[in-house]
A.B. asks: 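Pasting in a structure now, in structure tokens, and then I'll have a few things to ask.
Whatever order the structure lists them in is the order used to number ligands and atoms, beginning at 1. For reference, positions follow the sequence shown, starting with 1.
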Amino acid sequence: MAALSTSLNSRVTNPNSVATQFSRLRRACFKLDNSLSTASTTQYFFQNVDSQLRLSSSRRGSRGVVTMAGSGKFFVGGNWKCNGTKESISKLVSDLNDAKFETDVDVVVAPPFVYIDQVKSSLTNRIEVSAQNCWIGKGGAFTGEISGEQLKDVGCQWVILGHSERRHIIGENDEFIGKKAGYALSQGLGVIACIGELLSEREAGKTFDVCYQHMKAFADAVPSWDNVVIAYEPVWAIGTGKVATPVQAQEVHVAVRDWLKKNVSAEVASKTRIIYGGSVNGSNCTELAKQEDIDGFLVGGASLKGPEFASIVNSVSSKKVAA
Ligand code: PGA
């Protein structure tokens with residue numbers, strides 16, 4: 001942590017300074033000492049040095065905000081999952097309507113399908129509404145499914161796709177998720193595209209490979225990234241109270257941005273929001289938000305409490321420390 005704040009301070013006074021580069025490398029070494037077995041250290045070290053050097057040379061402030069590597073607007077989504085009743089949702093909506101949000105944040109909530117209409121008709125327009133899933137294509141004889149057209153019809157602007165609970169509990173695969181994303185975009189919905197590794201995959205040193213594979217499936221299916229937000233959600237951090245450290249999250253976010261740069265374009269890499277999800281709450285959001293490649297959050301449990309969700313949205317302020 002000490003290395004992290006040194007890095008931030010040196011950037012504030014002189015963004016391109018040698019000191020900044022050294023503190024980044026020190027950060028990479030710090031990570032080596034603390035989190036890795038010797039088996040993967042060499043490969044890990046070079047990956048880190050490479051991404052830190054790349055960051056040092058390509059950094060630029062966006063919108064006067066020095067801690068953002070991407071140029072997209074901060075984005076915070078609340079994924080209510082399979083929670084709520086008419087009554088509890090009415091209370092949550094009322095708390096959200098009363099909350100004060102910083103202006104430069106896109107705020108989205110994702111209620112269960114059956115409450116979308118209730119939420120749309122009672123929630124302030126300041127907050128957009130997302131579904132948590134949708135069918136792969138046009139509606140019809142698909143019992144129990146909801147189509148993209150129907151989501152548009154009830155006023156949804158977004159849909160979450162590829163969430164780990166759908167990948168690992170329901171069994172959706174990359175190709176299926178990719179098709180859903182392509183179709184949802186064709187219907188004018190924005191897509192919150194989730195990626196992320198299982199604990200076993202992290203422990204096997206496969207975090208980047210898994211994230212790149214998820215990214216490729218989306219890339220193969222989407223005609224444009226304009227309305228896509230990527231949510232990096234390590235599965236071991238979802239609903240477990242075990243949040244990724246800011247450094248762990250940042251290193252995956254920068255790798256995903258790099259992947260976009262190499263495989264799509266530098267422009268898409270810069271514009272596409274990469275948000276973090278997995279046990280984000282009112283206490284840990286500030287340190288996470290300070291990471292340069294974290295462009296917002298996808299929040300589960302803590303999004304069911306209006307005031308706490310509002311403080312997560314407002315963690316955007318920590319990006320402006322030196323603006
Ligand atoms: P959590 O869920 O914040 O409860 O960990 C995050 C998510 O699944 O999007």
A.B. asks: Does any donor atom in the side chain of E308 or N281 lie under 3.5 Å from an acceptor atom in the other side chain?
C.D. replies: no

A.B. asks: Give the atom numbers and elements of ligand 1 that come within less than 4.0 Å of a heavy atom of G301.
C.D. replies: 1 (P), 3 (O), 4 (O)

A.B. asks: Against heavy atoms of G239, which atoms of ligand 1 measure under 4.0 Å?
C.D. replies: 1 (P), 4 (O), 5 (O)

A.B. asks: Between the side chains of S71 and S270, does any donor sit under 3.5 Å from an acceptor?
C.D. replies: yes

A.B. asks: Going by the atom numbers of ligand 1, which of them fall below 4.0 Å from some non-hydrogen atom of N79?
C.D. replies: 9 (O)

A.B. asks: Within the structure provided, determine whether D174 and F218 are in side-chain contact (heavy-atom separation under 4.5 Å).
C.D. replies: no

A.B. asks: Using a 4.0 Å cutoff against the non-hydrogen atoms of G278, which atoms of ligand 1 qualify?
C.D. replies: 5 (O)

A.B. asks: Would you say W236 and E197 are linked by a side-chain donor-acceptor pair, where the criterion is simply a distance under 3.5 Å?
C.D. replies: yes

A.B. asks: Is it true that S279 lies under 4.0 Å from ligand 1, counting heavy atoms only?
C.D. replies: yes

A.B. asks: Looking only at protein heavy atoms, identify the closest one to atom 3 (O) of ligand 1 and say how far it is in Å.
C.D. replies: G300 N, 2.8 Å

A.B. asks: What about T240: any of its N or O atoms under 3.5 Å from an N or O on ligand 1?
C.D. replies: no

A.B. asks: Cut-off 3.5 Å, side chains only: do Y276 and Q248 have a donor facing an acceptor?
C.D. replies: no

A.B. asks: Work out whether the distance between some heavy atom of A237 and some atom of ligand 1 is less than 4.0 Å.
C.D. replies: yes

A.B. asks: Suppose I only count heavy atoms of E233 and a 4.0 Å limit; which atoms of ligand 1 are within that range?
C.D. replies: 6 (C), 7 (C), 8 (O), 9 (O)

A.B. asks: Can you establish whether the number of heavy atoms outside K179 located under 6.0 Å from its atom NZ is more than 12?
C.D. replies: no

A.B. asks: May I ask you to identify, for I238, whether its side chain, its backbone, both or neither come under 4.0 Å of ligand 1 on a heavy-atom basis?
C.D. replies: both

A.B. asks: Please say whether K81 places an N or O atom under 3.5 Å from an N or O atom belonging to ligand 1.
C.D. replies: yes

A.B. asks: Quick one about D293 and Q250 (side-chain donor to acceptor, distance below 3.5 Å, no hydrogens or angles considered), yes or no?
C.D. replies: yes

A.B. asks: At a 4.0 Å cut-off, with the gap strictly under it, does some heavy atom of A302 reach an atom of ligand 1?
C.D. replies: no

A.B. asks: Are F309 and W80, when compared by the centres of their aromatic rings, separated by less than 6.0 Å?
C.D. replies: no

